[in-house]
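Quick one: the structure is below, questions incoming.
Quick caveat, the model's predicted, so the values are computed rather than measured. For ligands, and for the atoms within them, numbers begin at 1 and follow the listed sequence.
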Amino acid sequence: PTPDAASAPLLGKRVVITAGGTREPLDPVRYLGNRSSGKQGVALARAAAAAGAEVELIAAHMDVAPPEGVKTARVETALQLRSAALDAAGRADVVIMAAAVADFRPAEQARTKIKKRDDAADPVITLVRNPDILQELVQQRRDSGTGPALIVGFAAETGDSRGDVLEYARQKLERKGCDLLVLNQVGQDLVFGQDRTAVSILHRNGGEPQTFSGTKDEAARAIIASVAEELG
Ligand code: CTP
Ligand code: CA
């Protein structure tokens with residue numbers, strides 16, 4: 001049967017998805033990384049492709065393989081992910097920033113392996129801030145007057161004594177200026193690397209967040225359904 005709006009709601013749409021965790025080199029053999037497995041991003045790529053989209057996956061470090069048949073670009077650092085994402089956004093209808101982008105990178109990258117030395121002090125690592133790619137995507141769309149119809153951010157929040165997760169997510173949505181924000185509640189053993197997850201989808205225009213729990217594939221299908229609905 002020919003795919004139709006019901007079975008393939010993203011037919012003809014170009015969807016860029018970033019996934020995995022960036023790695024920021026300290027020297028040729030060491031990096032600062034994070035616990036992102038890439039599973040949620042890969043599930044999203046699979047769900048978007050199943051919905052008929054032409055998917056481009058920009059993959060930082062992942063514990064899992066990219067889905068068969070999905071065009072994939074591998075990157076290592078936040079700065080590499082930034083160039084790939086800003087470039088791909090120019091030809092996309094939707095950008096989903098599921099990657100765990102390092103907020104900071106070492107200010108300097110040693111050209112040779114850092115050695116222990118008895119005649120010198122132990123090293124102190126100075127960090128500098130990485131650009132906020134999601135904010136830049138929103139800014140690039142605003143400045144150029146064209147670009148993806150939909151920019152989707154993710155938020156991994158643990159909540160703390162100063163605020164609950166939904167509150168933080170709402171503030172993050174405002175700050176970033178994206179259209180949708182997917183909230184993942186994280187904590188020890190929750191979400192990172194796990195197959196099950198709970199997500200809440202917050203809309204820029206307000207309204208009650210929609211919450212889904214289940215496998216990362218089920219959550220991905222729910223997110224992609226929201227994306228398709230939002231595209232209209
Ligand atoms: N993100 C990004 N560039 C960065 C950091 C984050 O594009 N340098 C994106 C992530 O891919 C995600 C969203 O921003 O879609 C939110 O990431 P998160 O780490 O939750 O937010 P931050 O603004 O970095 O705030 P926090 O201090 O809570 O980490
Ligand atoms: Ca962050």
Side-chain angles (χ1 to χ4, degrees), residues 15-24 31-45 48 56-62 73 75-89 92 94-107 127-142 147-148 150-187 190-192 197-204 209 216 219-220 223-224 226-227 230:
V15 178
V16 171
I17 298 169
T18 68
T22 62
R23 289 178 164 183
E24 309 296 324
Y31 59 83
L32 294 181
N34 61 68
R35 292 188 192 281
S36 173
S37 65
K39 282 180 184 171
Q40 186 66 84
V42 165
L44 282 164
E56 215 176 313
L57 183 67
I58 299 172
H61 175 79
M62 308 196 301
V75 295
E76 185 93 6
T77 65
L79 292 177
Q80 290 166 359
L81 192 143
R82 172 181 180 270
S83 339
L86 290 175
D87 178 52
V94 181
V95 179
I96 304 178
M97 282 293 303
V101 181
D103 292 328
F104 308 99
R105 66 178 182 277
L127 301 177
V128 293
R129 204 180 284 204
N130 275 325
D132 190 313
I133 302 161
L134 181 56
Q135 259 172 9
E136 285 190 305
L137 286 164
V138 169
Q139 191 65 46
Q140 176 173 275
R141 177 173 69 175
R142 198 177 291 141
L150 214 59
I151 299 175
V152 183
F154 266 72
E157 302 287 352
T158 59
D160 59 28
S161 56
R162 287 158 63 191
D164 74 24
V165 285
L166 273 173
E167 220 174 277
Y168 279 148
R170 177 62 61 196
Q171 289 165 12
K172 197 165 276 183
L173 176 63
E174 297 292 326
R175 194 166 69 239
K176 304 264 185 179
C178 55
D179 305 302
L180 294 179
L181 189 94
V182 182
L183 166 69
N184 262 326
Q185 196 168 335
V186 297
L190 213 59
V191 180
F192 283 122
T197 187
V199 299
S200 298
I201 304 173
L202 286 79
H203 295 248
R204 178 190 198 143
K216 286 192 175 176
I223 294 162
I224 292 303
S226 289
V227 163
E230 208 63 21

Item to check | Atoms in ligand 1 flagged as close to Asp132, the criterion being non-hydrogen separation under 4.0 Å | outcome: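 Matching atoms, with element in brackets: 2 (C), 3 (N), 4 (C), 7 (O), 8 (N), 23 (O).
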Checklist entry - In terms of atom number and element, which parts of ligand 1 are under 4.0 angstrom from non-hydrogen atoms of Met97? => result 7 (O), 11 (O), 12 (C), 15 (O)
Item to check | Numbering as shown, the atoms of ligand 1 that approach Asp103 to under 4.0 Å (heavy-atom distance) | outcome: 5 (C), 24 (O), 29 (O)
Item to check | Backbone or side-chain N or O of Val152 under 3.5 Å from ligand 1 N or O | outcome: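 Min N/O separation from ligand 1 is not below 3.5 Å for Val152.
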Item to check | Any donor-acceptor N/O pair, Gln80 side chain to Glu76 backbone, under 3.5 Å | outcome: yes
Item to check | Reported CG-to-CE distance for the pair Leu180 and Met97, which is rounded to 0.5 angstrom | outcome: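 Answer rounded to 0.5 Å: 14.5 Å.
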Item to check | Point-to-point distance, once rounded to the nearest 0.5 Å, from CD of Glu174 to CG of Leu202 | outcome: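 Between atom CD of Glu174 and atom CG of Leu202 there are 10.0 Å.
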Checklist entry - Can you list the steps and then say if Asp179 with Arg141 is a salt bridge (Lys or Arg N to Asp or Glu O under 4.0 Å)? => result CA-CA 12 Å; Asp179 305 302; Arg141 177 173 69 175; 3.0 Å; yes
Next on the checklist: Tell me whether Lys176 reaches ligand 1 (any heavy atom closer than 4.0 angstrom to a ligand atom).
Outcome noted: yes
Checklist entry - Out of curiosity, Asn184 CG to Phe154 CZ, how far, rounded to the nearest 0.5 Å? => result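 Here the rounded value is 6.0 Å.
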Next on the checklist: Out of Arg175, Arg82, Lys172, Gln171, who is nearest to atom 26 (P) of ligand 1 when you count heavy atoms only?
Outcome noted: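 Looking at heavy atoms only, Lys172 sits closest to atom 26 (P) of ligand 1.
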Checklist entry - Counting from 1, what ligand 1 atoms have a heavy atom of Ala156 closer than 4.0 Å? => result 20 (O)
Checklist entry - Any ion pair linking Asp164 and Arg170 (charged N to carboxylate O, less than 4.0 Å)? => result no
Next on the checklist: Give me the nearest non-hydrogen protein atom to atom 12 (C) of ligand 1 as residue plus atom name, then the distance to 0.1 Å.
Outcome noted: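 Protein heavy atom at minimum distance: Phe154 O, 3.0 Å.
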Next on the checklist: Evaluate Ala155 for polar contact with ligand 1, using N/O atom pairs at a separation under 3.5 Å.
Outcome noted: no
Next on the checklist: I need the nearest protein heavy-atom contact for atom 10 (C) of ligand 1: residue, atom name and distance, please.
Outcome noted: Ala99 O, 3.7 Å
Item to check | Glu157/Lys172 ion pair, N-O < 4.0 Å | outcome: yes
Next on the checklist: What's the separation between atom CG in Asn34 and atom OG1 in Thr22, rounded to the nearest 0.5 Å?
Outcome noted: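 Going from the CG atom of Asn34 to the OG1 atom of Thr22 covers 6.0 Å.
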Next on the checklist: Counting only heavy atoms, tell me which of Ala169, Ala78, Pro131 gets closest to atom 8 (N) of ligand 1.
Outcome noted: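 The residue whose heavy atom sits nearest atom 8 (N) of ligand 1 is Pro131.
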Checklist entry - Short N/O distance, under 3.5 Å, between Glu157 and ligand 1? => result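 Looking only at distances, the answer is no, because the N/O contact criterion of under 3.5 Å is not met.
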Checklist entry - Taking distance alone, with no angle check, do Leu134 and ligand 1 share an N/O pair under 3.5 Å? => result yes
Checklist outcome for this item: CG of Leu150 to CZ of Arg204, rounded to nearest 0.5 Å, is 10.5 Å
Checklist entry - Going from CD on Gln40 to OG1 on Thr197, what distance comes out if it is rounded to the nearest 0.5 angstrom? => result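 OG1 of Thr197 is found 5.5 Å from CD of Gln40.
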Next on the checklist: What protein heavy atom lies closest to atom 3 (N) of ligand 1? Include the residue and the distance to one decimal.
Outcome noted: Ile133 N, 3.0 Å
Checklist entry - What are the atoms of ligand 1, with element, lying closer than 4.0 Å to any heavy atom of Gly153? => result 15 (O)
